[in-house]
Structure formats: structure tokens, C-alpha cells
Amino acid sequence: MKLTVLLPLAVAASAAPSRRGSHHGSGSGSQQSINVQLGPRPYFLVDDMDDGPLKDTLSSCKENTPHTSHWSIGHRGGGTLMIPEESLESIKAGIRMGAGIQECDVTFTSDMQLVCRHSQCDLHTTTNIVATELGAKCTEPFTPADPESGTEASATCCTSDITLAEFKTLCAKMDGSNSSAVTAEDYLDGTPSWRTDLYAQCATVMTHAEFIKHVDGTGLGLHFTPELKTPEVDMPFNGGNYTQQVFARQMLDEYRAAGIAASRVWPQSFLYDDILFWMQQEPEFGAQAVFLDETGDTDETFPYAVGNLSTYAQDGVRIVAPPLYYLVALDDEGNLVPSEYAAAAKELGLDILTWSLERSGRLGDEDRGGYYYTSIANATDNDGDVFGYLDVLARDVGVKGVFSDWSATVTYYANCFGL
Ligand SMILES: *[C@@H]1O[C@H](CO)[C@@H](O)[C@H](O)[C@H]1NC(C)=O
Ligand SMILES: *[C@@H]1O[C@H](CO)[C@@H](O)[C@H](O)[C@H]1NC(C)=O
Ligand SMILES: *[C@@H]1O[C@H](CO)[C@@H](O)[C@H](O)[C@H]1NC(C)=O
Ligand SMILES: *[C@@H]1O[C@H](CO)[C@@H](O)[C@H](O)[C@H]1NC(C)=O
């Protein structure tokens with residue numbers, strides 16, 4: 001772990017929460033404040049850190065009053081580690097834990113209404129659909145496991161298989177499934193042991209418009225980062241006039257309809273053409289478009305991902321968002337340092353957001369935290385190392401925000417360093 005001497009920002013962080021008026025619903029999002037609560041987890045992680053200056057600094061912030069930070073981005077809501085993703089309850093938890101920007105992954109129903117789901121075809125693992133009558137409408141209805149042939153249980157259920165009215169009857173649950181299930185009810189049960197079903201008692205599925213209304217309705221001046229999910233059906237949908245561009249514009253129209261200023265909206269997509277479309281046809285929103293980059297997942301493709309950054313910059317893209325591990329490398333002594341990707345993005349003047357902390361597992365487990373920690377796996381062995389990772393991202397890479405499945409961890413760091 002990297003050791004640096006830090007100046008705690010205890011004064012800024014412990015100042016009384018600011019109350020700057022309370023006029024609701026204005027486009028720019030006027031600000032109130034709430035009683036932000038971080039719960040025990042950030043404290044547990046600080047205690048679990050290796051000794052050193054960073055631990056000392058973070059420890060010195062333990063009694064500060066937490067507050068909302070735009071550096072803390074609620075991934076799929078921000079309560080996702082323990083609360084069903086993309087649900088009203090996850091959004092509420094993320095906001096309570098200080099997330100200043102909220103995410104809804106945006107996809108569409110068969111009647112072309114926008115809803116929050118992490119992908120168009122994940123209803124079989126994120127809701128109870130297979131155990132309801134709607135299961136019969138799935139692209140691939142539930143098929144039980146066959147222990148004799150060794151075939152696993154399967155299903156594929158898409159939001160575009162059902163209408164909005166049908167979607168609204170579903171219960172959101174923790175993402176997962178039981179591949180040896182012989183009944184649809186058993187199939188629902190697949191939550192990893194480090195998550196929990198404690199809050200999965202029929203969590204509330206949301207439309208994109210409901211998401212906007214709830215987040216804006218807090219009066220906290222929160223920002224929005226809707227992700228246009230890449231369709232898993234052919235576009236135009238149903239051979240009609242519902243093209244990718246109609247879909248891409250519809251998502252922004254819902255902010256206009258709600259009176260939300262474009263300056264509060266950070267539209268994301270993995271499809272480069274969506275980013276170019278917004279920049280050309282929706283310049284106000286396009287100026288804040290976030291290109292999600294997953295083109296460098298292997299040692300072979302990583303150099304191309306770095307090389308492509310200059311194309312994005314030339315095209316006028318201002319914000320890129322790669323997974324966490326693209327940005328951090330290990331030096332010869334095993335210290336965490338900015339990667340080539342981070343250096344190139346900085347050099348080109350690109351802003352960086354990154355995803356997703358607290359998502360793929362625990363740093364202290366046998367997988368060393370899984371996918372999102374790939375590049376630092378050899379240098380980590382305890383859960384508290386997550387703060388060393390955040391520290392390099394914040395202070396050496398200079399990221400503008402971090403998506404997290406448990407917003408408290410990122411908020412704690414952001415508050416302590418005045419981000
Ligand atoms: C998975 O399904 C099998 C077969 O239906 C069942 O015996 C088992 O208890 C299920 N596992 C979980 C964790 O629900
Ligand atoms: C698409 O077609 C339908 C039916 O023909 C029409 O009602 C609708 O306005 C069209 N939408 C757009 C965006 O052109
Ligand atoms: C990134 O680089 C690869 C390999 O050079 C190229 O095939 C791809 O089209 C590039 N992607 C973009 C979005 O420019
Ligand atoms: C981790 O260490 C192993 C063994 O020294 C090495 O083979 C591997 O490439 C390292 N992984 C990374 C991501 O640096």
C-alpha cells in the first residue's frame with residue numbers, strides 16, 4: 001500500500017451542514033440537506049486498514065458529521081450491496097448514505113416505456129418474474145435443471161417481453177439465481193453469502209420517470225446519471241419506428257419533462273454512437289455525456305483502449321468512465337500508482353469517473369475482490385485496502401467520482417478529504 005502524509009480536512013468536514021434555501025423542483029436543483037448516515041461499514045473498513053498515514057487520517061474523521069457528496073455516485077441506487085438493485089429502496093439507501101449523484105440504468109418495456117433495470121434481460125435474476133404468471137411471457141421461460149443430464153436451470157426474461165403495467169407488478173430482489181433449481185421458486189434463490197436477503201421483501205421496481213421524481217423530490221439538488229442500456233433486441237424494436245436514436249432522445253426528454261436542467265444530468269452509454277448522437281443532436285446534455293469504456297479488459301486489448309482515448313478527446317468527448325482497475329497499476333515495489341490509461345486520459349484533459357466499488361466481492365477473500373480489483377490483486381489482502389485504492393484514484397488519478405454498491409464507503413472518504 002502506498003503511504004503518503006495527508007492533511008485531514010476535519011474542519012471542513014465537521015462544519016455544520018449547510019442549508020441553502022428550500023425551494024423545490026427548480027431546474028438547477030436548489031439545496032436542502034438531510035441527516036446523512038454512514039452506518040458501521042466505513043468504520044469497520046478503516047479499522048481493518050494496514051497501519052500508516054492514510055489510516056491515521058481516515059481515523060481522524062470518524063466523529064465528523066457526514067454530508068452528501070457529488071463524488072459519491074450511487075451504483076444501481078447505492079444500497080446495492082445489501083438492497084435489491086435499481087429499486088426505490090436502494091436509491092433511498094444510497095441517498096441516505098450521501099450519494100450526490102444517482103444512477104438508473106434505462107431500458108424499455110414492450111410498450112416502449114422507460115424503466116430502471118441493469119440490463120434489458122435480467123428480470124429472471126433481479127425480480128420474481130419466473131415465479132409469477134408473467135414468467136410464461138419470457139423470451140425463454142424457466143427451464144428446470146436436469147440432474148441426470150447435468151443441464152442447469154435457465155431462463156431469459158426481458159423488460160421488452162412485458163408491458164409497463166405488468167412490469168410494475170414485479171418484486172425486485174437481490175441479483176442471483178440457483179442453477180440447480182428444479183422449481184421456479186428455488187431458482188430465485190442465489191444471493192452470494194456476503195450480500196443479504198434482509199431487505200429483499202418485494203422491493204419496489206421503478207420507471208425512469210419515478211426515479212427522476214424521487215431523486216429530485218428530495219430537494220437536495222442531487223444529480224442524475226442515467227445509463228442508456230444497450231438493447232438486447234434488434235432495433236428498431238418490433239420493426240417499427242422505435243430506433244436507437246428515438247430511445248436515446250426519449251431518455252433525455254424525461255428530464256426535460258420533469259424540468260431538470262441538463263447541468264444535473266450525466267448521461268452514460270457503452271455505445272460510442274450514443275455519445276456522438278447526444279453531442280451532435282442534444283448538445284446541452286451531450287456536453288456531459290459519459291463514455292463507458294470496457295474495451296481494454298485483456299492484456300491484448302488494454303493498449304488499444306489507451307490508444308483510443310485520443311480519438312475520444314478529438315471527437316470532443318469530455319468524460320470517460322472505465323472500470324476501477326484500468327486506472328491503477330502496481331509499481332516495482334508493489335505500490336498502487338496511476339496506470340498508463342489514467343496518465344493518457346489526464347494528458348488529454350479527459351475527466352474520469354469510475355465503477356464500481358464494493359461490487360465484485362471482498363478484497364480479503366480468496367478472489368482478492370474479483371473483477372474490479374484485477375490490477376491490484378497481488379497487493380491486497382484485507383478489506384480495508386479498499387481505502388488505499390480509493391486514495392490513489394482520488395489524489396493521484398484525480399477521478400471526479402466513484403460509483404459504488406454501498407455509497408457510505410465512498411462518501412466517508414470524500415467527506416474526510418473534502419471532495
Ligand atoms: C437450489 O435448488 C435446489 C433444487 O430445487 C434446491 O434443493 C436447493 O435448496 C436450492 N438452493 C437454494 C440456495 O435455494
Ligand atoms: C411511431 O409510430 C406510431 C404508430 O405509427 C406513431 O403513433 C408514433 O407517433 C411514431 N413515433 C415516432 C417517434 O415517430
Ligand atoms: C478502438 O481501437 C480498436 C483497435 O485499434 C478499434 O478497432 C476500435 O474501433 C476503436 N474504438 C473506437 C470507439 O474508436
Ligand atoms: C500477480 O503475481 C503473479 C505471480 O507473481 C503474476 O504471475 C501475475 O501476473 C500478477 N498479476 C498482476 C495483475 O500483476
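Side chains are part of it too, since the values below use all heavy atoms of this structure and drop only hydrogens, waters and symmetry mates. Sequential numbering from 1 along the given sequence is applied to the chain's residues. Order of appearance sets the numbers: ligands from 1, and atoms from 1 within every ligand.
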Query - Contacts of type ring pair (Phe, Tyr, Trp, His ring centres under 6.0 Å), residue Y373, not counting sequence neighbours - result: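 Only Y389 meet the ring pair (Phe, Tyr, Trp, His ring centres under 6.0 Å) criterion with Y373.
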Query raised in the report: How about K92 and H214: do any of their side-chain heavy atoms sit closer than 4.5 Å?
Result: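 The answer is yes, as the side chains (C-beta and beyond) meet within the 4.5 Å cut-off.
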Side-chain donor-acceptor pairs of residues 107-114 under 3.5 Å, sequence neighbours excluded:
| residue | atom | partner | partner atom | Å |
| --- | --- | --- | --- | --- |
| T109 | OG1 | D111 | OD1 | 2.6 |
| T109 | OG1 | Q113 | N | 3.1 |
| T109 | OG1 | Q113 | O | 3.3 |
| S110 | OG | I162 | O | 3.0 |
| S110 | OG | T163 | N | 3.4 |
| D111 | OD1 | L164 | N | 2.9 |
| D111 | OD2 | L164 | N | 3.4 |
| Q113 | NE2 | D111 | O | 3.1 |

Enumerate, one pair per line, all nitrogen or oxygen atoms of ligand 1 lying under 3.5 Å from a protein nitrogen or oxygen, stating the separation to 0.1 Å; write 'none' if no such pair exists.
| residue | atom | partner | partner atom | Å |
| --- | --- | --- | --- | --- |
| ligand 1 | 2 (O) | N178 | ND2 | 2.4 |
| ligand 1 | 5 (O) | V182 | N | 3.1 |
| ligand 1 | 5 (O) | D186 | OD2 | 2.6 |
| ligand 1 | 11 (N) | N178 | ND2 | 2.8 |
| ligand 1 | 14 (O) | D189 | OD2 | 2.9 |

Query raised in the report: Got an N/O contact under 3.5 Å between T311 and ligand 3?
Result: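 Among all N and O atoms of T311, none is under 3.5 Å from an N or O of ligand 3.
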Report task. Please confirm whether F247 and F237 have ring centers closer than 6.0 angstrom. Result ->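 Centroid distance F247-F237: not below 6.0 Å, so no.
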Query raised in the report: Is it true that atom CD of E140 has more than 12 heavy atoms of other residues, nucleotides or ligands lying nearer than 6.0 Å?
Result: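 Counting other residues, nucleotides and ligands, CD of E140 exceeds 12 neighbours.
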**Report entry** Pairs satisfying side chain to side chain donor-acceptor pair (under 3.5 Å), at least one member in residues 303-319, at least two apart
**Finding:** Y272-D315
